[in-house]
Structure formats: C-alpha cells, structure tokens
A.B. asks: 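Can you read through this structure? Questions will come right after.
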Amino acid sequence: MASVTITDVWKYYGKTMAVKELNLEIRNNEFMCILGPSGCGKSSTLRMLAGLEFISSGDIYFDDVRVNDLPPRDRDIAMVFENYALYPHKTVYENMANPLKLRRTPKQEIERRVRRAAEILEIEPLLDRKPVELSGGQKQRTAIGRAIVREPKVFLFDEPIAHLDAKLRSHMRGELKHLQRDLETTTVYVTHDQLEGMSMADRIAVMHEGVLQQLGTPEEIYNHPTNEFVAGFVGEPPMNFLDCTLERTNVGLTVVHAGFRLALSEQQASLLTAGGAEADVRIGIRPDNIAIEPGADGALEVPGEIFVTEPLGGDMVVEVTIGGDRVTVKSKIGPMGGPGDPCRIGFAVDKLHVFDKTSGVAYF
Amino acid sequence: MASREIVRYRSPLRSVLQGLSVLFLIFFFVWTVLPLLIMVVSSFKDLLDAFQLPEVGDFGGVGVMFDFEPTGAHYVELFTEKHFGTYLRNSLIASLGSAAVSVSLGSMAAYALSRAEFRGKRDLLFWIISTRMAPVVAVMVPLYVIFRSSGLVGTLPGLILAYTTFNLPFAIWILKGFFDNVPYAIEEAAQCDGCTRWQAFRLIIPLVAPGLGAFIVLCVLFGWNDFLFATIIGSGGAKTLPVATAELVQPVKIQWGMIMAAGVVTTVPMMFLGLLIRRYLVAGLTMGAVRE
Ligand SMILES: Nc1ncnc2c1ncn2[C@@H]1O[C@H](COP(=O)(O)OP(=O)(O)O)[C@@H](O)[C@H]1O
Ligand SMILES: [Mg+2]
C-alpha cells in the first residue's frame, strides 16, 4: 500500500529516448493502467518503477520515499512479467514460495500463504508441477501467484495476459480486476490492449512515443480524448476521422465535407472560437454514433454507398463511402444490402469531436 | 509441435548402407574396446602369462590369452613400492583443483560477460579465447621460467595454476554461451522477489548445470591426461599418474604387467567421473524449457 509519484522522469537508452518528461501520480490502492502502442515506453516506465532500469533523470517516490537509488528488493514491489519469467527448475510451489523464503518467513506461514494464493488462482492441483508442464494460462497464474503471496507496496504488471488466447484473456481480465479490489494494493498495469485498460483500470495513462498523452478515467478517455491519437487508440472499431472545413453561416458554425454538412451547436461553436480553430479541421466520430438505414430514400440526412458489411453476430459493422471518404458505422444487425447498394447515414452531432489539423489537439 | 520421428523409406541402397554401418560399428567397437580389454586382462597376469600369445592367424587359439591364474601382485607392488597412492592423489588434486578454480572463476566471468554491455567486449572475448589458441609447448619455456622464479615448480599449486591458465579461457568461452541462453527476465524476477544480484546469479546456476557439468569433465580430463606440464612443472614434488607410469618403462626387463596395472589405475577414475556426471549432461536435454 503506497502512492507512487513520478516527477519529470526521462529515460534514454544511449541516444534512444524511451520516456519523455513523465509526470504521473498513482494514488494509494488505485488500479492505474499505462496504455499505448508497442514501443511507446510503457515497459520502460514500469521497469523504472521496479528498479530494473536506471532513471535517466527525474525522481520516483513511493509515498514520501525517493526510490531512485533503491534496488528492486528494497522497493517492496511485486512484478509480473510479459513472458512470466518463472524459475524453470522449481515447482509451482517453490516458485511461489521464493519471495517468502527470501524474507525468512516461517515455514508454516509460507505453506499457508502459498496455499491461499493457489486457492484464489485455482492452481492448487498444479503445485508440484514444473513450469514446462503448464499451459500458458497456468504459467501466468503462477506468475501472479508469486506476486500475491506477500503484501507488496505496489503490484507491477507488464502485459501479463498478452500471450493468452482471446477467451482466456477476457476471463483473466475479470479475475485480475476482482483480485486487485480484494487485495487493495496499488497497481500499475501496462498493456497495449485498450480493452484491458478500459475494462480494468480506475484511471488510464495513455502514452505515445514516450510522451504521456492523457490521464483520466476510462470514461474520460473514451468520451473526452484530448487529441487525435488518444481518440483513435481507444475504442473498437476505431473512431472515424474526416478532413473537413469550418464555414461560418448566419446560424453559427457548420462543418463542411464533400458528402455532408453538419451544423454545430452553439456550445461547440464557442469552444472552437475560443480555441482559435482554423478553417481546416479534422472531425472524429465513433462508429457507434452514426446511424444507418438501407436504401436511397430513408429519413437520415447523408446519402452514401455501402462498401462492405461485416456481420458480428448481434451487431454489424458497415463501411460506407461518402463524398470520396470511407466511414465505419456500427449498428444492430439487420437487412443492409451488399457492396454498391445505396444507404443513408446520420451523425450524432453532439458526439462529434473536432481536432486541430496539424497538431491533432482536440477542441472538444 | 511436429513429431521428432525421422521418416525412413525402404530402398535397396538403404539396406546396403544399413549393413555397412553395422559392420563399421562392430569394427569400431572392437578397435576401441580391445586395447582396454587387453590392458585390464594383462594387468592381472604375471610376467610369463603375459607373453602367452596365439599364433598369427590362429583365431581359435585366442583362448590362451585368457588361460592364466589372475594375480593382484602388480597392483600391490604399485601401491606399496612405487608410491602410486601419492601419484594418484597428486593427479586428483591437480585436475580437480584446476577444474574447481576454472569453473568457479570461469562461471563468474562468463556471467559478467554474458550480462554486461561495455565498450571493447568483443575484443576482450577474443583475447580471452586467443590465450587458449597457442600450443602448449610454445608457452612452456616462458611459463617454466616464471614458475621457477616464483618457486612453483614441483608443487601442486603450481600444477593447478598451469592447468588453470589453459582451462579458464575455455571455461569462460563455453559457459558464456550457456548463460546467454538463460533469459535475463528470470534474474529480474528474482530481484523483484527480493534477491540480491548475487543471489539471483546463484539462483540461475542450476539452469547452466549441464554446461558446468560438461565443463568440469573437460577440465578434469585436461589435467588428468596431461603429460607435458606434469613432467616439466610438476617434476619432483608433484608427480602425477601419467609421468609415474612413463617412468615404469625401463631399458631392460620391462614390467608389462605393472605398466598395464598403472594404466588401469589411470583410466578407472575417469570412467567413474563420466558415469557420475552423466546425470547432469542428460538433465541438460530436458532443461530446454528455459527459452520460450
Ligand atoms: N534495452 C534497451 N536498449 C535500447 N533501446 C531500448 C531498450 N528497451 C527499450 N528500448 C527502446 O525504448 C523504446 C520504448 O520501449 P519499451 O518501454 O519497451 O516500450 P513498450 O513496452 O511500450 O513496448 C522503444 O523504442 C525501444 O526500442
Ligand atoms: Mg513492453
């Protein structure tokens, strides 16, 4: 149990910059997810927290203690690695008992805690096996078990479930979240899978090219992304982006695209004016926020042509060509027609995002 | 994973080759085992029996070679009059001592070279192995001069040091390969668990045990079989088995029985070492789970 404060932390590997001027505060008992594409500096950040990597500049504090110069063993952290990093020559039991043994825990206490962790993770029957004899999911549970047998100040997870198959992954998401709530321990969880971040974290820190892009709750990140990168990274299928121009009319501001015109609300217009938006902007809208109906003569305002449909059981994803651009629409499954058929779509203007065309910063 | 079975297809050529390989194996077996057999058998014969040989070409008469009263006299004489007990001890101390020093220093150096990145690492590695490239005779004279002036000639520490000069670079080179195959993440996990760097190093030692085992054998064999260092540097106070055996060869009345017995005494400990270490070597095959 501890809060973690990262202030002005930089990480260089030789000349390669991995983390740039990171400031992040992780609250006591919080589940913090560091989310970003591969190579964005997530692992580097986590490894600096663990003490496995030198901090090029800046400071890290656990509560009020500066830990920069403490080796991992003195930081009281427990880490779960991407490829599990179990001890191949030790049994599951010995793997999990190792951290306790190193702390000279009495034998009965080790036994009690390992059994308890194994029970929580449902790996009791495997305690005598060696890692070679385990499946991916079982190895991963063992690695987690090794972390939870003691009560560390901070849990560090580096993509712990990235290598499991989809079904097991979705199961483990729930389990891990539940476990973290149960254990009430500050947790930093690194992943490139936005779904993991969205579904498990209290707060998400989105990183890109070593730079923290946005820090917020999953709801904030999803509904109010601060820039085009965050908007495009979070959500599945990803947000649609279209190059448009802003036109001032007598009723206010209108977004103009080759295929449609959208009148913005007064509030949206004032945000754009306040932000000093130029005429050329990029708009973003999520596939869920576009309505679609088949046929050329429906009630929706924008005519389009179906490019492809992808039924997904209950829902379907339709790609529609409008004014030379393509947008992705998500709707309930129903008769839609095939490629080349006409359709009409409608945008939920209140869910629209507008970004600066060059910097990618969101106006709203 | 695909099965490791080797697919075979029958063909006339294949059966011929198979027949030939069986013949070759039989020949090879006789070739390698016969000298050992003769050595062991002869060591139990007295002087007269040793020269009971069948006529050339008389394969039926091979029996006369095995028609004798076994005697342990040669062994008794070796250990009572010829002090082979001392030489056996010297051989063991010199070869095991050098193996112990080489493997403990070598594994630490290999670990460091495997884990750390620094400027000139490749050059350093090459320099280390190149010290092993020079033929033994080439360094013998300078080494002898150095050893004599430091009073190491004719002592066991001197012999251990001499063997170590040759074993250590080899140890570093080979063991580095084994450490390279152990993922660093395992040590990182150990450090997070609460290990110091040193404890983490000790924790992964079992993972390189096959390498250590194989290497101990090589080091021991190098020292055990060595003749050159043993005659020159070990002469006097640190006589080992090969040197002592060679000294049994006298101009007249060669004691074949005793020489054969000395051969057996020299060979048997190494066979036991092989058996002892085999477990570790085999373990290496199943420990392949380290990667992944
Ligand atoms: N040991 C290293 N040596 C050199 N460059 C590294 C090292 N580790 C990571 N990097 C570089 O630092 C950047 C960030 O890496 P990392 O933190 O592992 O990203 P992530 O975990 O988000 O995929 C990448 O460009 C990567 O190539
Ligand atoms: Mg990573």
Side-chain angles (χ1 to χ4, degrees), chain A residues 13-14 43 46-47 49-53 70-90 94-105 129-136 139 142-150 152-158 160 163, chain B residues 1-4 107 111-112 114-122 175 177-214 277 279-292:
Chain A
Y13 296 100
S43 297
L46 199 70
R47 292 165 57 81
L49 289 177
L52 296 171
E53 214 69 73
L70 294 183
R73 66 195 294 258
D74 297 331
R75 294 195 186 190
D76 200 8
I77 43 104
M79 182 154 171
V80 178
F81 292 78
E82 184 171 356
N83 35 25
Y84 318 133
L86 298 174
Y87 310 126
H89 54 303
K90 292 182 184 260
E94 290 163 344
N95 264 281
M96 287 166 64
N98 194 44
L100 297 172
K101 247 190 225 156
L102 287 163
R103 285 174 177 72
R104 304 190 191 291
T105 316
R129 294 212 199 157
K130 295 264 174 79
V132 211
E133 303 160 309
L134 301 179
S135 70
K139 279 186 203 169
T142 308
I144 294 174
R146 190 168 58 178
I148 67 170
V149 283
R150 58 196 187 89
K153 284 206 182 99
V154 186
F155 279 135
L156 304 173
F157 291 96
D158 192 354
H163 296 308
Chain B
M1 199 173 62
S3 87
R4 297 267 180 89
S107 60
Y111 174 80
S114 164
R115 295 305 188 223
E117 280 307 326
F118 51 89
R119 204 155 4 120
K121 179 170 150 178
R122 295 173 63 91
L175 292 178
F178 279 87
F179 280 113
D180 284 345
N181 274 331
V182 178
Y184 187 48
I186 292 180
E187 280 163 74
E188 294 187 323
Q191 283 177 271
C192 290
D193 275 2
C195 286
T196 59
R197 236 2 236 267
W198 175 248
Q199 285 172 317
F201 166 70
R202 287 223 320 254
L203 186 110
I204 65 162
I205 284 294
L207 299 178
V208 294
L212 294 180
I277 221 87
R279 238 190 51 202
Y280 291 97
L281 297 183
V282 174
L285 302 177
T286 53
M287 202 77 91
V290 178
R291 275 217 168 264
E292 246 187 315

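Note that this is a predicted model, so its numbers are computed, not measured. In what follows, chains carry the letters A, B, and so on, assigned in the order in which the sequence lines appear, proteins first and then strands, with residues in each chain numbered from 1. Any value given below was found using the heavy atoms of this structure, including those in side chains, with hydrogens, waters and symmetry copies removed.
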A.B. asks: Under the side chain to side chain contact (heavy atoms under 4.5 Å, CB included) test, which residues partner Q199(B), sequence neighbours left out?
C.D. replies: R73(A), L102(A), C195(B), T196(B)
A.B. asks: Going by the rule side chain to side chain donor-acceptor pair (under 3.5 Å), which residues pair with Q191(B) if we only count those two or more places apart in sequence or in a different chain?
C.D. replies: none
A.B. asks: Verify, without hydrogens or angle tests, whether H89(A) (side chain) and I205(B) (backbone) share a donor-acceptor contact under 3.5 angstrom.
C.D. replies: no
A.B. asks: Just by distance, do the side chain of R150(A) and the backbone of D76(A) share a donor-acceptor pair under 3.5 Å?
C.D. replies: no
A.B. asks: Please rank R103(A), K101(A), M79(A) by heavy-atom pairs under 4.5 Å with chain B and give me the top one.
C.D. replies: R103(A)
A.B. asks: For R75(A), is it the side chain, the backbone, both or neither that has a heavy atom under 4.5 Å from a heavy atom of chain B?
C.D. replies: neither
A.B. asks: Check whether L156(A) gets within reach of chain B through its side chain, its backbone, both or neither, counting any heavy atom under 4.5 Å.
C.D. replies: neither
A.B. asks: Between L52(A), V149(A), V80(A), which shows the greatest number of heavy-atom pairs under 4.5 Å with chain B?
C.D. replies: L52(A)
